[in-house]
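Convention: sequence-line order gives letters A, B, ...; per-chain numbering from 1.
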There are 2 protein chains.
Amino acid sequence: MSRPTIADVAQQAGVSKATVSRVLSGRAEYMRDATRQRVEAAIELLNYRPSSVARSLTSKRTYTAGILISDVGNPFYPEVIHGVEDTAFQDGYDVFLCNTNYDEKRGMAFVRSLIDKRVDGVLIMSSSMSDEWLAELARNNVPAVVLDWDVHNARGNLCLLRVDYQKGIQQAVDHLVALGHRQFAHVSGPKELRTTQLRQESFLTALQGYGIPKSDVMTIEGDLRIEGGRKAMQAIAERGAGKTAVFCANDLMAMGILSEARAYAIQIPTDLSVIGLDDIWLATQTDPPLTSVALPRFQIGQMAMQLLFELLENPRMEEAEPLYAQVETSLTVRESTAPAPG
Amino acid sequence: MSRPTIADVAQQAGVSKATVSRVLSGRAEYMRDATRQRVEAAIELLNYRPSSVARSLTSKRTYTAGILISDVGNPFYPEVIHGVEDTAFQDGYDVFLCNTNYDEKRGMAFVRSLIDKRVDGVLIMSSSMSDEWLAELARNNVPAVVLDWDVHNARGNLCLLRVDYQKGIQQAVDHLVALGHRQFAHVSGPKELRTTQLRQESFLTALQGYGIPKSDVMTIEGDLRIEGGRKAMQAIAERGAGKTAVFCANDLMAMGILSEARAYAIQIPTDLSVIGLDDIWLATQTDPPLTSVALPRFQIGQMAMQLLFELLENPRMEEAEPLYAQVETSLTVRESTAPAPG
DNA sequence: TTGAAAGCGCTAACAT
DNA sequence: ATGTTAGCGCTTTCAA
């Protein structure tokens with residue numbers, strides 16, 4: 001006894017499939033009450049649930065989106081996913097979660113699979129990605145929203161959602177300068193990442209606004225993980241004499257700074273002020289709690305999904321400019337920053 | 001110009017749809033080489049990708065599973081999801097991620113949606129769930145793997161995967177007793193959760209094995225979050241004179257203990273030994289790093305998915321006993337435990 | 001070795 | 001107000 005179909009319901013209710021279909025989709029306006037009720041009773045009796053698969057075949061819509069992320073374990077994602085899913089859920093959409101595992105091949109395999117499954121659209125939020133993904137999606141007319149990625153000659157039904165680091169980082173610099181800091185270090189992410197460049201540039205530019213030249217800033221390349229922060233702290237302790245404030249490209253590295261500072265008996269924030277970026281939940285739990293440039297992660301998720309809906313409703317022509325959107329950052333001040341010593 | 005269909009390919013190659021279908025599914029044994037090559041060329045030329053939707057309609061298989069979890073943000077899940085996804089990916093499965101948000105109604109809505117989407121099976125890993133979910137899945141013949149949930153009169157194509165807390169908690173108690181501890185406190189989760197009871201029971205039983213009666217153990221009900229741990233620490237400081245070791249039902253609460261202990265100038269582990277449970281990544285980052293009963297989270301994810309495959313291949317009769325499976329826990333010793341003071 | 005035709009479960013004209 | 005019919009894109013007998 002397999003699942004009942006619309007035909008079973010029709011037979012049970014003594015009507016045609018079309019009639020059943022009508023009550024299913026709420027287009028039962030011109031229907032006799034008695035009929036509708038018979039159909040509803042039959043549905044109830046047979047415990048009938050229409051097959052989305054069959055529906056999708058005719059409607060060309062799966063009410064499903066795919067989301068590509070690097071790694072669920074990265075504390076950046078949970079809230080983003082939450083925002084995406086909430087928004088999707090409200091509109092009856094489901095979401096395929098795909099962990100690329102920082103692996104472009106794997107990501108491509110997911111993209112193919114999503115295309116085969118005929119998802120209505122794809123959200124690309126992995127930190128690394130390949131232009132091929134976009135090309136493949138475009139070839140198949142699958143709309144995509146891309147987070148914070150530099151896409152040139154972007155074709156297809158596309159939206160680029162960017163994080164405006166500028167504003168929050170400016171606030172961070174304002175804050176530090178107001179506290180009397182003039183000697184800065186910066187712990188960046190891997191050089192090849194676009195976000196690394198954006199963050200670093202915003203930081204240096206803001207400092208220049210206060211007359212502090214780039215060349216005065218000690219920049220250390222990190223790995224965006226705690227360990228990278230630890231190593232950076234060592235570098236600062238050994239070669240960064242006089243630096244009183246560090247801006248880290250993410251919170252994890254800032255945590256590494258906090259941790260390793262203890263080993264050097266450097267007091268945070270008394271001896272050294274530290275600012276992170278991301279404002280992950282953990283930042284509230286460190287000792288001292290971390291001042292951080294906050295990304296509106298939940299909102300990023302919401303917006304990404306909303307932008308996808310937008311793309312679905314008003315598709316962009318094949319050769320049109322991609323849609324652009326932006327989210328703002330802002331500084332969350334906690335206790336890892338204090339007046340410059342001396 | 002919408003996506004090409006099998007008919008387009010057939011026409012392009014000058015063969016019938018059936019022939020194309022054969023090369024798609026690799027059943028091209030009795031096929032002339034020339035024919036196969038023509039078909040492959042046509043597929044290539046048109047950039048054709050078969051529609052999983054259409055395939056599913058005939059094959060009754062979607063190669064898709066659903067996974068219900070409470071909240072992506074909970075540090076328990078990322079690795080589990082990882083395990084699930086890796087295993088699924090290897091077999092060409094995709095996964096619908098559903099965050100119930102600790103809300104049974106929302107969970108039920110997801111269950112319905114998954115049924116409508118005709119997923120091949122469902123993994124239930126949310127900490128709270130309703131028996132109705134299972135009933136609904138069973139009514140629709142959808143196989144399910146349930147993590148660590150007490151299911152009575154379970155019907156349907158079901159597998160119950162349980163975590164054996166016993167073993168790891170026994171090791172924790174062995175460890176503490178060997179260090180000379182005799183006065184214990186326990187910070188439990190919310191009383192109504194099954195896991196709370198299991199963990200507490202394992203702990204008390206192990207202690208009894210050493211002649212320490214339940215009544216000697218100070219038990220505090222917590223909320224499984226850091227804040228709950230903080231409150232528990234207050235209770236212990238105020239009413240727990242003489243307690244030298246605390247076992248917490250999860251790491252987050254153990255972290256709360258560590259954090260609040262500072263406020264009371266209680267040294268961990270010198271004055272008080274603390275053991276958590278979960279062994280989340282964070283436990284390695286606390287000060288001091290946390291001794292914890294480890295759940296093999298990645299393995300749990302892998303097993304759950306494998307068990308689902310098992311259920312798919314050898315379906316259980318409607319009234320059969322559910323399949324049972326188990327994963328072991330074990331103690332990870334770090335620096336939050338030390339010999340009992342005095 | 002390949003093709004024709006029916007059918008999977010549903011929707012959407014077009015009839016009535 | 002409801003039924004008939006023809007697909008949607010694919011797989012699978014059954015023929016040839």
Of B:Ile6 and B:Arg22, the one whose closest DNA chain D nucleotide lies more 5': B:Ile6

Does A:Tyr324 have A:Arg162 sitting over its ring (NZ/CZ under 6.0 Å from centre, angle to axis within 45°)? no

Between the axis at one end of the helix from C:dT1-D:dA16 to C:dT16-D:dA1 and the axis at the other (five pairs apiece), what's the angle to 10 degrees? 40°

Look at the side chain of A:Thr19 and decide which nucleotide, out of C:dC10, D:dT2, D:dT4, has an atom nearest to it. D:dT2

So, B:Lys117 versus A:Thr64: side-chain donor-acceptor pair below 3.5 Å or not? yes

Quick check: are there more than 12 heavy atoms from other residues, nucleotides or ligands sitting under 6.0 Å from CD of A:Glu44? no

Nearest-Å distance for atom pair CG/P, residues A:Leu57 and C:dG9: 12 Å

Quick one: does B:Met125's side chain get under 4.5 Å of B:Trp149's, heavy atoms only? no

Can you check whether B:Thr58 has a side-chain N or O nearer than 4.0 Å to OP1 or OP2 of C:dC8? no

Could you give the CD-to-P distance, from B:Gln11 to D:dC10, as a whole number of Å? 14 Å

Check every strand shown and say whether A:Thr35 touches a base, only sugar-phosphate, or nothing at a heavy-atom separation below 4.0 Å. sugar-phosphate

Could you say whether B:Glu29 or B:Arg118 is positioned toward the 5' end of DNA chain C, judged by the nucleotide with the nearest heavy atom to each? B:Glu29

Measure NZ/B:Lys60 against P/D:dT12 and give the value in whole Å, please. 12 Å

Atom pair distance, as rounded to whole Å: CZ in B:Arg32 and C1' in C:dG3: 13 Å

B:Asp33 atom CG is separated from C:dT2 atom C1', nearest whole Å, by 15 Å

Any side-chain N or O of A:Ser59 less than 4.0 Å from the OP1 or OP2 oxygen of D:dC8? no

Within the 4.0 Å heavy-atom criterion, would you say A:Val15 contacts the bases, only the backbone, or no part of the nucleic acid? sugar-phosphate

Separation of C:dC10 atom C1' from B:Lys117 atom NZ, nearest Å, is 16 Å

What is the distance, rounded to the nearest whole Å, between atom CG of A:Leu24 and atom P of C:dA12? 12 Å

Give a yes/no on whether any side-chain N or O of A:Ser16 is located under 4.0 angstrom from OP1 or OP2 of D:dT2. no

Starting at atom CD1 of B:Ile43, determine the distance to atom P of D:dC10, rounded to an integer number of angstrom. 10 Å

Regarding B:Asn157 and B:Arg316, do their side chains bring together a donor and an acceptor under 3.5 Å, going by distance alone? no

Strictly below 4.0 Å: does A:Ser21 bring a side-chain N or O up to OP1 or OP2 of C:dT11? yes

Side-chain N or O of A:Arg27 closer than 4.0 Å to phosphate OP1/OP2 of C:dT11: no

I'd like to check B:Pro143 versus B:Asp120 (side-chain heavy atoms, cut-off strictly below 4.5 Å). Are they in contact? no

Pick the closest DNA chain D nucleotide for A:Tyr30 and for A:Lys17 by heavy atoms, then say which residue is nearer the 5' end. A:Tyr30

Under 4.0 Å between a side-chain N/O of A:Ser56 and OP1 or OP2 of D:dC8, yes or no? no

Pairing donors with acceptors under 3.5 angstrom, does anything connect the side chains of A:Thr19 and A:Ser16? yes

Distance-only side-chain donor-acceptor flag, B:His82 / A:Asn101, under 3.5 Å: yes

Please tell me if A:Arg55 has a side-chain N or O lying less than 4.0 Å from either OP1 or OP2 of C:dT11. yes

Relative to the 5' end of DNA chain C, which residue comes earlier, B:Arg36 or A:Ala18, by the nucleotide with the nearest heavy atom? B:Arg36

